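The figures here come from the full heavy-atom set of this structure, side chains too, leaving out hydrogens, waters and symmetry mates. This structure is a prediction, so every number in the text was calculated from the model and none was measured. All residue numbers in this chain count up from 1 along the given sequence.
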Amino acid sequence: MSSNASPTTEKGPKRLRPYQLSIAIGIGMGSFTLLSGIVPQFTKWHATSEVTREVFEGIPGPLQAAFYTILPAMLVWGSFQFANRIRNWERGAPDRRRTTPKNAKRRLADYRAGVYMRTLLRDSAAGLMHSMMYFGFLVLLGVTTVLELDHQLPESLKFLHGGVYQGYVFVGDFAGLMFTIGVVWAIIRRYVQQPYRIRIKTKKEHGIILGVMLAIGLTGFGAEMFRIAVSTAGGKDMSFESWSFIGYPLSQLVDGSSLNALENWHQAMWVAHVVSFIAFLALLPITMLRHIFTSPLNMYLKDRDRPKGAMRAMPNLTETSLESFGAAVVEDFTWKQLLDTDACTMCGRCTSVCPAHATGKPLDPREIVLKTGEVMAATAAHAPGGMVSPPLSVDSEITIGANSLFERITAEEVWACTTCKACDEICPVHIEILDKILDMRRYLSLMESNFPAELGNAYRAMENQGNPWGMNQDDRADWAKDLNVDVVDPGAAFNHEYLYWVGCAGSFDDKNKKVTQSMAKLLKRAGIDVAILGPSEMCTGDSARRSGNEYLFQMLAMPNIEMLNGMGVRKIITQCPHCFNTLANEYPQFGGTYEVIHHSQLLEHLIDSGKLDISDATLEERITYHDSCYLGRHNDVYMAPRNVVSSIKGVDVVEMPRNGTKGMCCGAGGARMWMEETIGTKVNDERAAEAISTGASRVATACPFCYIMLDDGVKGAGKEENEVKVADISIHLLDAIENGERIRAAGAAPLSAPVAGE
């Protein structure tokens, strides 16, 4: 039984399954199209206005009959092709993505953000290019639909004449121009400019798709050009068509040609236009063009029943009857995770921001999505031939013999991930790549014990000592000696405002002990009532869970939750974003619900409220802030640490090129802190070089892992602390406060000797 399976005992009224709905829609559209061709043969309704156009003007009856026969057939065929893809998604496990009154507004907002190209427009050039193609095509489709609607109406109700018609043709030409320019731009971008992320995945089908789309645009203008020219050659005044600001000028280029030649050219262009559109319909369900439908659907389904930073919940592993954990075969993923593979636009934005890929590791997030889709497509037993087309064409030498994800995805790819979430954050269609990697890690770790050897040391330390550092729990509060910090008994009621969850790094790592001590001093200055657990605090289990060892995570989390609930703890401060994310977003899955605040947020509040006096705090230095992935992309906390740093007088705050949502990982997330990095450039070295390049004399962090990794990277680059000081924001803030106090004290001190002249 899969870890994702969920038994259902409810029986309700039978509803159309999604794949059946696809077929029903296709048959409905095909039938409507067929009828729209038959009905006018009986009604014979024609427009009476001179300022309009007849549908199929100059097109012989046999060609019209072919049009109304082939087009409905293609629509029905396409719906069956889509149905086979949808049945592939249905192979996945349940995933609660229902639209409810609570999430409907968010779903619509996510959908609008996607279809309005807001996510794509973060890359202005690519966003504008896609917008021209997408909106141009939609308007052209609308223009064609309006023409057909007018075609079906009796003379008294027809509306495409006079000024309405002229406005209509202007809109059509403008949309066609934008669409064609967008396609040409896409061709230049893919085959001339060739950005790396696009170049490495360019296939023959891209050329075919772009060629067909260009043909639609060019033949559309060609058919319009010769239609106008034919009427002009027949003696009709077509000056009203000047609103066709592309077709009309083009028609004048062939003015003077014989009527017979113009009629032949018009019919040829019309046939070419229709054939191009039919080719488009043929490509739509079997190539990456399908994302026209699947991507908006994926955007709509973005909202889920767990916080952004939380992994998918699993049952209590000491009580469950499940026999398999994590994802090893296609069916172990949820239907939404399988839909992701068909929603992918292959744009490679995830590839471009992946720190593992950028530093030469075997991971490429886009490949995780595409390879999953390849295995799913190759094992579609319900489809003719037992397969459907893959998300993107695959080299012929690649064979897939089973539905195992590891037919195409290697363990090395899975373990290279730092779980920074940059891939998810930048994806314009909201594909959840990280979840797939983490689910596969669960399988590798729990079912096969296939994890890096050094990670085993961290597992044993967490299991035996309660922390991945392997240190004695009795030493957890050693940092607090001489600081007068209350250490509470876990058996007693908690009578303080905040529990300060120090975390393993803040308790045992020499660098991060200074962070903890600085925070303790700042909290004391602000008069915050706080206490610590000391030896009773255990690792939250973040590294265990992010590396797939759910059993170990639960072994650590459940006693922590039981202790905190028993004490009545309500508010928790933590300086570690990994602890912050786990306590705030994942402990509620097991009954531990607390108000968790990161120390950057608390410091910001204390400064803003005046509880922490920083009126004299000053540092005449340049400082740059490094975004923690688990604080930023996992929890959307970007400004609090920046506001703390920028509140210091005298500092020149400078951003690294990659910052905020596009910030680069330090390399330690996803339990990479405990694994060796032997392939390519070290992630922390690359990030440290970026920090140094800003010319900053101080680098601010808000995460113990980031502190360690960047400090090591800066020192590895040959920079001493007096040149570039890496430290947590609390250390920089305390330095500034104490520096200001020294300056004030020096200014207020009496002179030791009289000054000459006094």
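- Between L363 and I437 the shortest side-chain heavy-atom distance falls below 4.5 Å.
- Screening K662, R642, R658 against D627 for a side-chain hydrogen bond (donor to acceptor under 3.5 Å, both in side chains) leaves a single residue, R642.
- A side-chain donor from one of T359 and K361 sits under 3.5 Å from a side-chain acceptor of the other.
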Would you sort out whether R87 and E90 count as a salt bridge (Lys or Arg N to Asp or Glu O under 4.0 Å), showing the intermediate values? CA-CA 5 Å; R87 290 187 70 181; E90 291 177 346; 5.2 Å; no
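- Contact of the M129 side chain with the W185 side chain is registered, since non-hydrogen atoms from C-beta on lie closer than 4.5 Å.
- Under 4.0 Å is where a charged nitrogen must lie from a carboxylate oxygen, and between D424 and K421 at least one such pair does.
- Of the charged side-chain nitrogens involved, at least one lies within less than 4.0 Å of a carboxylate oxygen, so that E425 and K308 count as a salt-bridged pair.
- R197 contributes no side-chain N or O that, together with a main-chain N or O of C350, makes up a donor-acceptor pair within less than 3.5 Å.
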Which is it for H46 and H151 under the side chain to side chain contact (heavy atoms under 4.5 Å, CB included) test, yes or no, and what are the steps along the way? CA-CA 8 Å; H46 295 285; H151 182 210; over 6 Å; no
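- For the atom pair C420 SG and R633 CZ, the distance stands at 4.5 Å (nearest 0.5 Å).
- Formation of a donor-acceptor pair under 3.5 Å by the R408 side chain with backbone atoms of T372 is not found in this model.
- The list of side-chain hydrogen bond (donor to acceptor under 3.5 Å, both in side chains) pairs with a residue in residues 243-257, not counting sequence neighbours, reads E224-S244, E241-S244.
- Under the rule for a side chain to side chain contact (heavy atoms under 4.5 Å, CB included), the partners of I187 that lie at least two apart in sequence or sit in another chain are V183, Y191, L210, L214.
- With sequence neighbours left out, the salt bridge (Lys or Arg N to Asp or Glu O under 4.0 Å) criterion links E54 to no other residue.
- Residue pairs meeting the salt bridge (charged side-chain N to carboxylate O under 4.0 Å, His left out) criterion with at least one partner in residues 178-194, sequence neighbours excluded, are D123-R189.
- No side-chain heavy atom of T341 sits less than 4.5 Å from a side-chain heavy atom of N88.
- Counting non-hydrogen atoms of neighbouring residues, nucleotides and ligands closer than 6.0 angstrom, the CE atom of M346 exceeds 12 such neighbours.
- The shortest distance between side-chain heavy atoms of I400 and E374 falls below 4.5 Å.
- Scored by the side chain to side chain contact (heavy atoms under 4.5 Å, CB included) test, H357 finds Y196, T351, C354, D364 as partners (sequence neighbours excluded).
- For the pair T52 and F240, the minimum side-chain heavy-atom distance is 4.5 Å or more.
- Taking a 6.0 Å sphere around OH of Y116, one finds it holds 12 or fewer heavy atoms contributed by other residues, nucleotides or ligands.
- Counting only residues at least two apart or on different chains, the side-chain hydrogen bond (donor to acceptor under 3.5 Å, both in side chains) pairs with a member in residues 63-74 are Y68-E148.
- Sorted by first then second residue, the side-chain hydrogen bond (donor to acceptor under 3.5 Å, both in side chains) pairs that include residues 134-143, not counting sequence neighbours, number zero.
- Looking at residues two or more places apart in sequence or on another chain, you find a side chain to side chain contact (heavy atoms under 4.5 Å, CB included) between V139 and V143, V171, A175.
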Side chain to side chain donor-acceptor pair (under 3.5 Å) assessment of E686 paired with T681: CA-CA 7 Å; E686 179 155 327; T681 305; 5.1 Å; no
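- Listed by chain and residue number, R304, R306 satisfy the salt bridge (Lys or Arg N to Asp or Glu O under 4.0 Å) test with D435 (two or more places apart in sequence, or in another chain).
- Under the side-chain hydrogen bond (donor to acceptor under 3.5 Å, both in side chains) criterion, the residue pairs touching residues 259-288 are T219-H273, with sequence neighbours excluded.
- For F135 and F179, the gap between ring centers reaches or exceeds 6.0 Å.
- Sorted by first then second residue, the ring-ring contact (aromatic ring centres under 6.0 Å, His included) pairs that include residues 280-301, not counting sequence neighbours, are F82-F293, F137-F280.
- With sequence neighbours left out, K336 forms a side chain to side chain contact (heavy atoms under 4.5 Å, CB included) with D95, R97, N298, L301, T334, L339, D340, E432.
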